[in-house]
Asker: 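One structure follows; several queries about it will come next.
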Amino acid sequence: VQLVDELAAVVGADHVLSDPERAAPYTTDWTGRFSGEARCVVRPATTAEVAEVMRACARHGATVVPQGGNTGLVGGGVPRNGEVLVTLTRLDALEPVDVAGRTVVAGAGATLGSLQAHAAAAGLSFGVDLAARDSATVGGMVATNAGGLHVLRHGSMRRQVRGVEAVLADGRVLQRLGGLEKDNTGYDLPGLLTGSEGTLAILTRVCVRLVATPPHRATALLAVPDVEEAVSLAGRLQRQLSSSLEALEVLFADGLDMVCGHSGLSQPFARPAACYLVVECASSDDPVDALAAAAGTDAVLDAAVATDRPARARLWAYRELLPEALSARGVPVKLDVTVPLRRLPGFVDALPDVVATVAADAEAVTFGHLAEGNLHVNVLGGGEPAAVEDAVLGAVVKAGGSVSAEHGVGVAKRRWVRFTRGEVDRSVMWAVKQAFDPAGLLNPGVLHEELPTYQQRR
Ligand SMILES: Cc1cc2nc3c(=O)[nH]c(=O)nc-3n(C[C@H](O)[C@H](O)[C@H](O)COP(=O)(O)OP(=O)(O)OC[C@H]3O[C@@H](n4cnc5c(N)ncnc54)[C@H](O)[C@@H]3O)c2cc1C
């Protein structure tokens, strides 16, 4: 029997797409930079179906790419070489919130937006937020250990995960959905699967913690003269607003102009500034006075503050519409990096020269999560992507930073893992991969640069 027929027997013929046209939405990534052919796209609806799909693929030695909302930015969720693409979007159930334990179990295919609404209906919140909330899935966010806008207060996905259910490469189901905050019974397998980018197992359900919802929230857009002042203001805001500070984002004049041009938003202030911060506080008391006091320094050239939801959304739009505005300009090389805060001003100031070494017309548009020194460097019109990566990531390594802050490694950054992970480190990671997936079926070519021995065997 052909694999495609076996898969159709498991999920129904309507949910196996072999026609490239019907498969197209799944085979090119959000940026348009990564694209490939799938043997077929399979859309299981339950954990049992995912397990059956994996057993069939294992019998045929077929390689598999798991996919959630396809918003990943490093090319790890699209096929590269005729793999079977397993999309988890039909596993979107949200179980009742455990209010006492402050946890909820979500299907891997539930979107972040639906999880947020579900938590809000129970009077709680989910600690991670990001602009792709209406498409990004809980499974994809665990698989990439997504960070986002609220890391400084609640941590990234790893801090939220309390348990997982996952289908292994041979079809067995690993279940650890207990949801307990304290549980030291052996290796932290949910933690290991967090950030594994679909290379170890397919996540089908996830238990996440929920957090309290502060009743008051204020957002400010602050204009500052340069990145040096932005970093020192960020330090001051963190010291003075520690318990209520929820977001601290940075963008620059070029990004703000691009958003205004793309969306029709007007410039926020009468005079332009080099650098802008989006700051958000949430607490049990109205945070506006504390925010105004902390931001009341000569470094702040202009400020706008909002407390009601539509006005806050208008301020957030300057930051959140930036990825979309960039995509409207072309297919940028997107590099998500961390730079130690003390080196961040020098790194940002040097970027135009760094990308100019690759192509004279290369343009680097940068924004990011300032509290963690996490910058998203987007290079437009800059010649060969590999040369751009080498130039920018080389500067990151030189500054003592990380070549991947929150988007993962995918296929985009495999080459660079060895620059920040030593040989012993990489060989242990490889041993973990082989323990979970000895036949090398799951997401080959993602995360690991070494071509596995089993690929030579085939
Ligand atoms: C506008 C925009 C803003 C963004 N902002 C942020 C941000 O602030 N912070 C941030 O961290 N990221 C951000 N991202 C990146 C992206 O949203 C995250 O990486 C997200 O976690 C991906 O989720 P997804 O469901 O779309 O996963 P996909 O893109 O479908 O997959 C991503 C990776 O996870 C694997 N995978 C997916 N589902 C599963 C599963 N169920 N089991 C096992 N492996 C799986 C895939 O194989 C792939 O390697 C942004 C993206 C966009 C487009």
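Each residue takes its place number in the sequence, starting with 1. Each ligand, and each atom within it, is numbered from 1 in the order the structure gives.
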Asker: Under 4.0 Å from any heavy atom of G148, which atoms of ligand 1 are there?
Answerer: 7 (C), 8 (O), 9 (N)
Asker: Ignoring hydrogens, just give me the one of T144, I202, V409 whose non-hydrogen atom is nearest atom 19 (O) of ligand 1.
Answerer: T144
Asker: Any idea which part of L73 is under 4.0 Å from ligand 1, heavy-atom wise: side chain, backbone, both or neither?
Answerer: side chain
Asker: Quick one: does E197 get an N or O within less than 3.5 Å of an N or O on ligand 1?
Answerer: yes
Asker: Out of all atoms in ligand 1, which are within 4.0 Å of some heavy atom of G77? Include the element for each.
Answerer: 46 (C), 47 (O), 48 (C), 49 (O)
Asker: Donor-acceptor pair, E83 side chain versus N81 backbone, under 3.5 Å?
Answerer: yes
Asker: Ignoring hydrogens, just give me the one of P66, G368, G76, S196 whose non-hydrogen atom is nearest atom 49 (O) of ligand 1.
Answerer: G76
Asker: Are D390 and R415 ion-paired here, with the side-chain N under 4.0 Å from a carboxylate O?
Answerer: yes
Asker: With backbone taken as N, CA, C and O and side chain as the heavy atoms from C-beta onward, which portion of L88 lies under 4.0 Å from ligand 1: side chain, backbone, both, or neither?
Answerer: side chain
Asker: Compute the shortest N/O to N/O distance between G69 and ligand 1 and return yes if it is under 3.5 Å, no if not.
Answerer: yes
Asker: If the contact criterion is a heavy-atom separation under 4.0 Å, does E324 count as touching ligand 1?
Answerer: no
Asker: Under a 4.0 Å heavy-atom limit, does A201 contact ligand 1 with its side chain, its backbone, both, or neither?
Answerer: backbone
Asker: Report yes if P323 has an N/O atom closer than 3.5 Å to an N/O atom of ligand 1; otherwise report no.
Answerer: no
Asker: Quick one: salt bridge (Lys or Arg N to Asp or Glu O under 4.0 Å) partners of E406, sequence neighbours excluded?
Answerer: none
Asker: Would you say N70 and ligand 1 have an N/O pair spaced under 3.5 Å apart?
Answerer: yes
Asker: With a 4.0 Å cut-off on N to O distance, would you call R133 and E320 a salt bridge?
Answerer: yes
Asker: In terms of atom number and element, which parts of ligand 1 are under 4.0 angstrom from non-hydrogen atoms of G198?
Answerer: 43 (C), 44 (N)
Asker: Quick one: do E280 and R312 make a salt bridge, cutoff under 4.0 Å?
Answerer: yes
Asker: Look only at interatomic distance and state if N443 has a nitrogen or oxygen under 3.5 Å from any nitrogen or oxygen of ligand 1.
Answerer: yes
Asker: Can you check whether V446 has an N/O within less than 3.5 Å of an N/O in ligand 1?
Answerer: no
